Amino acid sequence: MMQCKNKATISEFGLIGRDDSVCTANKFLSANICETAYKELEEFAKTDNGKDVLGFSGNGKYLQAKSYVGTIQTKSGFTLEILPKISSDKCEAADNEIENSKQIFMTLLHLLHKLPNFKQIDTAKFEVQKLDIFEIFILMFLEEVGQIIKKGIKSDYSTQEENLFFLKGKLRFGEHLKRNIVHKERFYVEYDDYNQNRPENRLIKSTLNFLSKVSKNANNVRRIRLYMEHMNWVDLSMNVENDFRGVKVGRGMDHYKNALKWSEVFLKKKSFTSFSGETISFAILYPMEKLFECFVEWWLNKKYPHLTIEPQNGGVEFVKKLFTVRPDFVIKNAGEICCIADAKWKLIDKEGDFSQGDFYQLFAYKHIFFDKNLTSDCLRIYYPKTDFLTCEKYFEYHCSSKIKIVPLDLKILIKKQNNE
């Protein structure tokens, strides 16, 4: 039996197996893992939540990742990373595509959450590419908390209620009578106290407390403990939802904004898809289609600043009272619709990889959103660039209208974004 490693990295649609044959069984980055970890993931794949993330392949011989990317940690401590499939060339993936995929993934998350940019982290100092994805999330949060401590933990007035031996603030008469009918020497009072125990600090400390239990990186754990000592006078949040509603990010609180975004990600699992089960400790995963849509939205806004980009609008009835259509993007010029577009996260390696359903969708958009005066740029589908799909293509419908296929090179466009 092979020795159980504590981590494996695959790509979307990559395979997970228990022998070396898995690495040549399909064109995506796959991994050979030990029996214990495989059985934990296998049990997860059989659950209602897990079947959306992992399926079975090769007559049940392998597990196969679906279109979620992120990280899964099992109860035994094994970590599985699932990265975007930015290439179908396995040789390239074996060399440097893991690092490229990880960088692209982090930038896509930045665009999705409008979080602090991945480029702000000193990658040489922290060896980011060697960290698990989840540890990178933690590291980015800790960088923001470090800025808060450096610039100063903010205090605010908070209402306190206590049963004191002296009168302070205002007497809560009803509560005083209930509690102190025997203890005449006491006063049940309400007063305002200026301290650090405000909602923003409670949320950050609660995030640190949560991460202290799940982080496995020694440097991250050390920094978490250090920062918790700095917040020694702050309580843990007893009601996360209420504390988020009480957040104030006005004057003097700008240095809190990014850390609070991370707290929302960790404590509320905002925009994360979170799973758990008998064999899974935690899993934080994103549907790659959603990440690609957010990337295309960002790119369209940069490419066409003079146009209005409306992502996922309310939809239009296709069959009255039964079906609606909802394009990924409605693009307007001076209030008039000039283009309808979808974003499809698919690697097109041959013409047969195009989906007939995708073209049907655009055909429906044509009849719903446009009259007969249709230009060749009005209907578009955006795909990731591949060795086959290197430049724009046009396909013609039977009615002479055209659909434009636009490939986007994520590696180049994201590198350009990170260098700006």
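All figures in this text were calculated on a predicted structure; none of them were measured in a lab. No hydrogens, no waters, no symmetry mates; every other heavy atom, side chains included, goes into these values.
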J.: What closest approach, in Å, do T207 and S263 show between heavy atoms, and which atom pair accounts for it?
T.: OG1-OG, 2.9 Å
J.: Counting distance only, does the side-chain N/O of T9 pair as donor-acceptor with the main-chain N or O of E81 below 3.5 Å?
T.: no
J.: May I have the step-by-step check of side chain to side chain contact (heavy atoms under 4.5 Å, CB included) for I204 and L260, ending in yes or no?
T.: CA-CA 7 Å; I204 290 170; L260 288 171; 4.2 Å; yes
J.: Kindly give the heavy-atom pair with the smallest separation between P287 and Y68, and that separation in Å.
T.: N-CD2, 3.6 Å
J.: Take a 6.0 Å sphere around CG of N232 and say whether it holds more than 12 heavy atoms from other residues, nucleotides or ligands.
T.: yes
J.: Is it the case that K7 places NZ or CZ above or below the six-membered ring of F134, under 6.0 angstrom from the centre and within 45 degrees of the axis?
T.: no
J.: Main chain of L203, side chain of S206: is a donor-acceptor contact present, judged purely on distance under 3.5 Å?
T.: no
J.: Counting only heavy atoms not in K290, do more than 12 sit closer than 6.0 Å to its NZ atom?
T.: no
J.: With side chain to side chain contact (heavy atoms under 4.5 Å, CB included) as the test, would you mind laying out the steps for V247 and Y256 before giving the verdict?
T.: CA-CA 10 Å; V247 165; Y256 271 76; over 6 Å; no
J.: Hey, does D353 have a side-chain heavy atom less than 4.5 Å from the side chain of L347?
T.: no
J.: Closer than 3.5 angstrom, by distance alone: can the side chain of K205 be matched with the main-chain N or O of W233 as a donor-acceptor pair?
T.: no
J.: Would a distance-only check, ignoring hydrogens and angles, find a side-chain to backbone donor-acceptor pair under 3.5 Å from Y286 to L108?
T.: no
J.: At what distance, to the nearest 0.5 angstrom, does SG of C378 lie from NZ of K402?
T.: 12.5 Å
J.: If the plane angle is over 60° it's perpendicular, under 30° parallel, otherwise tilted; pick one for W298 and F295.
T.: tilted
J.: Yes or no on salt bridge (Lys or Arg N to Asp or Glu O under 4.0 Å) for E229 and R225, after CA distance, side-chain angles and deciding distance?
T.: CA-CA 6 Å; E229 288 178 8; R225 289 173 178 167; over 6 Å; no
J.: Could you check K261 against E144 for salt bridge (Lys or Arg N to Asp or Glu O under 4.0 Å), going step by step and ending with a plain yes or no?
T.: CA-CA 10 Å; K261 286 179 182 178; E144 298 303 324; over 6 Å; no
J.: State whether the side chain of H255 and the backbone N or O of K150 hold a donor-acceptor pair below 3.5 Å, judged by distance alone.
T.: no
J.: Please walk me through it: do N201 and M231 pass side chain to side chain contact (heavy atoms under 4.5 Å, CB included)?
T.: CA-CA 8 Å; N201 292 332; M231 306 189 84; 3.8 Å; yes
J.: Mark yes or no for whether T74, through its side chain, and A37, through its backbone, hold a donor-acceptor pair below 3.5 Å.
T.: no
J.: Measure the shortest side-chain to side-chain distance between V330 and T308 over non-hydrogen atoms and say whether it is less than 4.5 angstrom.
T.: no
J.: Side-chain contact, heavy-atom cut-off 4.5 Å: K385 with L408?
T.: no
J.: Check whether any side-chain heavy atom of E293 sits under 4.5 Å from a side-chain heavy atom of P311, and report yes or no.
T.: no
J.: Sub-3.5 Å donor-acceptor pair from the side chain of S30 to the main-chain atoms of F28, do we have one?
T.: yes
J.: List the steps, then state whether salt bridge (Lys or Arg N to Asp or Glu O under 4.0 Å) holds for K332 with E310.
T.: CA-CA 8 Å; K332 296 180 178 180; E310 295 182 359; 3.3 Å; yes
J.: Does a side-chain N-to-carboxylate-O contact under 4.0 Å join E43 and K46?
T.: yes
J.: What's the spacing between L291 CG and I104 CD1 if we round to 0.5 Å?
T.: 11.5 Å
J.: Do we see a donor-acceptor contact under 3.5 Å between the side chains of T79 and K216?
T.: yes
J.: Could you state the interatomic distance from SG (C339) to CG (L300), rounded to the nearest 0.5 Å?
T.: 8.0 Å
J.: Could you tell me if the side chain of P84 sits less than 4.5 Å from the side chain of W345, heavy atoms only?
T.: yes
J.: Mind checking the CD1-CD1 spacing from I381 to I340? Nearest 0.5 Å is all I need.
T.: 12.5 Å
J.: With heavy-atom distances below 4.5 Å as the criterion, would you say the side chains of K102 and I136 are in contact?
T.: yes
J.: Is there a donor-acceptor pair under 3.5 Å between the side chain of N301 and the backbone N or O of E297?
T.: yes
J.: Kindly give the heavy-atom pair with the smallest separation between Y38 and G60, and that separation in Å.
T.: OH-O, 4.0 Å
J.: Mind running side chain to side chain contact (heavy atoms under 4.5 Å, CB included) on L362 and Y397 for me, showing each step along the way?
T.: CA-CA 10 Å; L362 270 290; Y397 289 117; 3.4 Å; yes
J.: Treating E200 as the side-chain partner and K248 as the backbone partner, does any N or O pair qualify as donor plus acceptor under 3.5 Å?
T.: yes
J.: Drop me the distance from L142's CG to R223's CZ, to the nearest 0.5 angstrom.
T.: 5.5 Å
J.: How about F141 and W262: are their ring centres within less than 6.0 Å of each other?
T.: no
J.: Between K75 and E40, is there a salt bridge with N-O shorter than 4.0 Å?
T.: no
J.: Return the set of residues passing ring pair (Phe, Tyr, Trp, His ring centres under 6.0 Å) with F354 (not counting sequence neighbours), or none when no residue passes.
T.: F359, Y383, F395
J.: Is there a donor in the side chain of Y365 and an acceptor in the side chain of D342, or the other way round, less than 3.5 Å apart?
T.: yes
J.: Indicate yes or no: at least one non-hydrogen side-chain atom of K66 is less than 4.5 angstrom from one of D52.
T.: no
J.: Is a side-chain donor-acceptor pair under 3.5 Å present for S21 with D19?
T.: yes
J.: Are side-chain heavy atoms of R222 and N219 found at a separation under 4.5 Å?
T.: yes
J.: Where is the tightest heavy-atom contact between F56 and E42, given as atom of each residue plus distance?
T.: CE2-CG, 3.8 Å
J.: Between atom CG of N209 and atom CG of L236, what is the distance when rounded to the nearest 0.5 Å?
T.: 5.0 Å
J.: Is a donor from one side chain sitting under 3.5 angstrom from an acceptor on the other, for E135 and N217?
T.: no
J.: Without swapping roles, check the side chain of S101 against the backbone of L83 for a donor-acceptor pair under 3.5 Å.
T.: no
J.: Determine the minimum heavy-atom distance between I10 and A31, stating which atoms define it.
T.: CG2-CB, 3.5 Å
J.: Take E161 and R172 through the salt bridge (Lys or Arg N to Asp or Glu O under 4.0 Å) test and state the conclusion after the steps.
T.: CA-CA 9 Å; E161 291 186 14; R172 292 286 305 276; 2.5 Å; yes
J.: Please give me the minimum heavy-atom distance between Y382 and A341, naming the atom from each residue.
T.: CE1-CB, 3.7 Å
J.: Quick one: which residue pairs count as a salt bridge (charged side-chain N to carboxylate O under 4.0 Å, His left out) with a foot in residues 230-246, not counting sequence neighbours?
T.: R202-D243, E241-K268
